[in-house]
Amino acid sequence: MEPKLEPRDEPLVSGFLQNPNPNYGLKVPVAESNAVNGTRTNGSDENNDRSEINGNLESMIDVIDVDEVMDPDALAIVLVPDEEDNQLANVEPSYRRKFPPRSAELVRVSNLEIEDERYFRELVRKTRTLYDSLWIYVTLEEDRRRSLLDGPVPRARVRADLKVASMMRDRGLWLNQDKRIVGPIPGGYEDDEDSGDVIIYTGHGGQDKNSRQVAHQKLEGGNLGMERSMHHGVEVRVVRGFKYKGGAGDKVYVYDGIYKIDEYWFEIGKSGFGVYKFKLVRMEGQPEMGSAILKFAENIKTNPLGARPVGYVSLDISRNKEKVPVFLFNDIDDNHDPLEYDYQVTTIFPSFVYHNARNGGGCNCSGGCTVDCLCAKKNGGEFAYDINGRLIKGKPLIIECGPLCSCPPNCWNRVSQKGVRNTFEVFRSMETGWGVRSLDLIQAGSFICEYTGVVLTREQAQVFTMNGEDTLVYPNRFGERWAEWGDFSQVFSDYVRPSYPSIPPLEFAIDVSKIRNLACYMSHSPCPNVFVQLVMYDHSNFGFPHLMLFAMENIPPLRELSLDYGAAGEWTEKLAICN
DNA sequence: GGATGTTCATAATA
DNA sequence: CTATTATGAACATC
């Protein structure tokens, strides 16, 4: 099914100053203010990482007079309440809030050192990964709970997003709870593209519960926030929502960069009531991102040569072996190497693997697998995937239903064996040689592809390397990144890392010198967005699982995929093995 | 299947 | 301080 993108009528806007008090103190002499350093930080006491973040931040931000906002050298904007408000703020409340109120300070972070930028990017990535895996877990738990109820009308499903947000907030896992950070998000990618977007954003208020305009909007709340942001030159971060058919959820939200508020006006609409309109103009010098990339990727998918007249070497290096085409793109040199190899959709094991150790056979769930399923028991009494085929949590091994099972082909427990679902392209780059990227948005936990080749036993591999060949991949050298997917140790105190089903040390190698698939073109990264999950389905030899690759986070189209090949030093950072 | 209604957690405001 | 209102997202239902 083809994902379809439809733009939302109005973009969502966040990151603006929202302050109903026009007399909020605006003048803060730099020398006197220590408002930032004096701010309490949430959760820093019990979590070393977080106190370290705040420690880093404080050294990088500064407090300035708000009149200097337009100064390009300005490091931070901090608005501090005037004397009267300060006195109010200092009154010790007689009740205890669950969370301290968020500070009204606006902070701009700039001139990050490369290590700091890397640190923040990794922190955000980990937080997103935790959110995404928790979301899948909570949704599944809730469905299970509801399925146990026999009531006539099942209660509405609890909102997993809200529940996960609460869980993470309770444990101090939200980022930037204490300060409001404005400006560009650290961790973007260098580029000079500018889509020149202009947005006319309609303010809020004056509507009844049927979303009909029944009164004039007022310059308050978010509307006032927009006006104040324009006045002080505080940029607005724009997030666009799209309907996304073919995905698990029904909508996706993408960050589209920072916009400046050019002007605003009050306008009488068809209803006869006035609404505020804000003209937002995308700031220059930002990379192409978000919805622009999504649209571009859609265009490539439907008409590759139209969208990119130069560079496509092949429109399917799998030669119809995959259910979806695998493009080959090179617009920087004449290298066409990936065409030279036989393409194999799944790994070929030595024949003895299929004949040995057929323990147990398959399940007998002719109608469809339930919790009592034999294969579920092999996975520790639970299914590995949710209804959308997303991996629930990484394990040493996952056993899918297979040819010996009685369940139908659409059984939930058959995912990775069905092969590639997204459109990928192998592409040439200056930095990484060959790389792999998707033209679809890949949701966290989704299956990507198998890492295929020809399996060599330890003995065969020794002979192979003696002949001077160096195109072997060793499964036991991949970093154990599966453990990070569904790692709830920060959320549940009794969380233990999955150790079942346990597997023996893997002593085979994969030869990609003649036969391979797109996986071996993936680059190495110490902070990968793809991980290896071992899976078995077509035999029962625990020493020879399939190497299946899953998404560690939501991966936007055209973002390079990366794997942790482990074995530090053997490959330089971001070097694909198949170069 | 698209429109409409309900529910949720939270923040702002009365 | 509590109570009410407003908000947008996700889900259920029409």
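In what follows, chains carry the letters A, B, and so on, assigned in the order in which the sequence lines appear, proteins first and then strands, with residues in each chain numbered from 1.
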Checking A:Tyr131 against A:Met168 for the side-chain contact (heavy atoms from CB on, under 4.5 Å) test, could you report, in this order, the C-alpha distance in whole Å, the side-chain angles of both residues, the deciding distance, and whether it holds? CA-CA 8 Å; A:Tyr131 174 86; A:Met168 291 180 65; 4.0 Å; yes

Please state how far atom [atom1] in [X] lies from atom [atom2] in [N], giving the value in whole angstrom units.
| X | N | atom1 | atom2 | result |
| --- | --- | --- | --- | --- |
| A:Trp174 | B:dT10 | CH2 | C1' | 8 Å |
| A:Met168 | B:dA9 | CE | P | 17 Å |
| A:Arg169 | B:dT10 | CZ | C1' | 7 Å |
| A:Lys218 | B:dT13 | NZ | P | 12 Å |
| A:Leu162 | C:dG8 | CG | P | 15 Å |
| A:Arg228 | B:dA12 | CZ | C1' | 18 Å |
| A:Leu219 | B:dA12 | CG | P | 17 Å |
| A:Trp135 | C:dC11 | CH2 | P | 6 Å |

Using the salt bridge (Lys or Arg N to Asp or Glu O under 4.0 Å) criterion, which residues pair with A:Glu553? Sequence neighbours excluded.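 In terms of salt bridge (Lys or Arg N to Asp or Glu O under 4.0 Å), with neighbours along the sequence ignored, A:Glu553 is linked to A:Arg128.
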
Taking only residues two or more places apart in sequence or in another chain, which ones pass salt bridge (Lys or Arg N to Asp or Glu O under 4.0 Å) with A:Arg437? A:Glu425

Applying side chain to side chain donor-acceptor pair (under 3.5 Å) to A:Ser416 and not counting sequence neighbours gives A:Glu400

Taking only residues two or more places apart in sequence or in another chain, which ones pass side chain to side chain donor-acceptor pair (under 3.5 Å) with A:Glu141?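 Checked A:Glu141 against side chain to side chain donor-acceptor pair (under 3.5 Å); matches are A:Arg144.
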
Apply side-chain contact (heavy atoms from CB on, under 4.5 Å) to A:Lys393 and list each qualifying residue two or more places apart in sequence or on a separate chain.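 A:Lys393 satisfies side-chain contact (heavy atoms from CB on, under 4.5 Å) with A:Glu382, A:Lys395, A:Pro498 only.
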
Can you see whether A:Asn422 engages A:Ser438 through a side-chain donor-acceptor pair at a distance of less than 3.5 angstrom? no

Out of C:dC11, C:dA10, B:dA11, which nucleotide sits closest to the side chain of A:Asp161?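 Nearest to the side-chain atoms of A:Asp161, counting from C-beta on, is C:dA10.
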
If you check the A:Ser166 side chain, which of B:dA9, C:dA9, C:dC11 turns out closest?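 Selected nucleotide: B:dA9.
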
Any N/O pairs under 3.5 Å between the protein and nucleotides 4-7 of chain C? List them or say none.
unit_1	atom_1	unit_2	atom_2	d
C:dT7	OP1	A:His204	ND1	2.7
C:dT7	OP1	A:Gly205	N	3.4

Distance check: side-chain N/O of A:Arg159 vs OP1/OP2 of C:dA12, anything under 4.0 Å?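 It does not, given that no N or O in the side chain of A:Arg159 lies less than 4.0 Å from OP1 or OP2 of C:dA12.
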
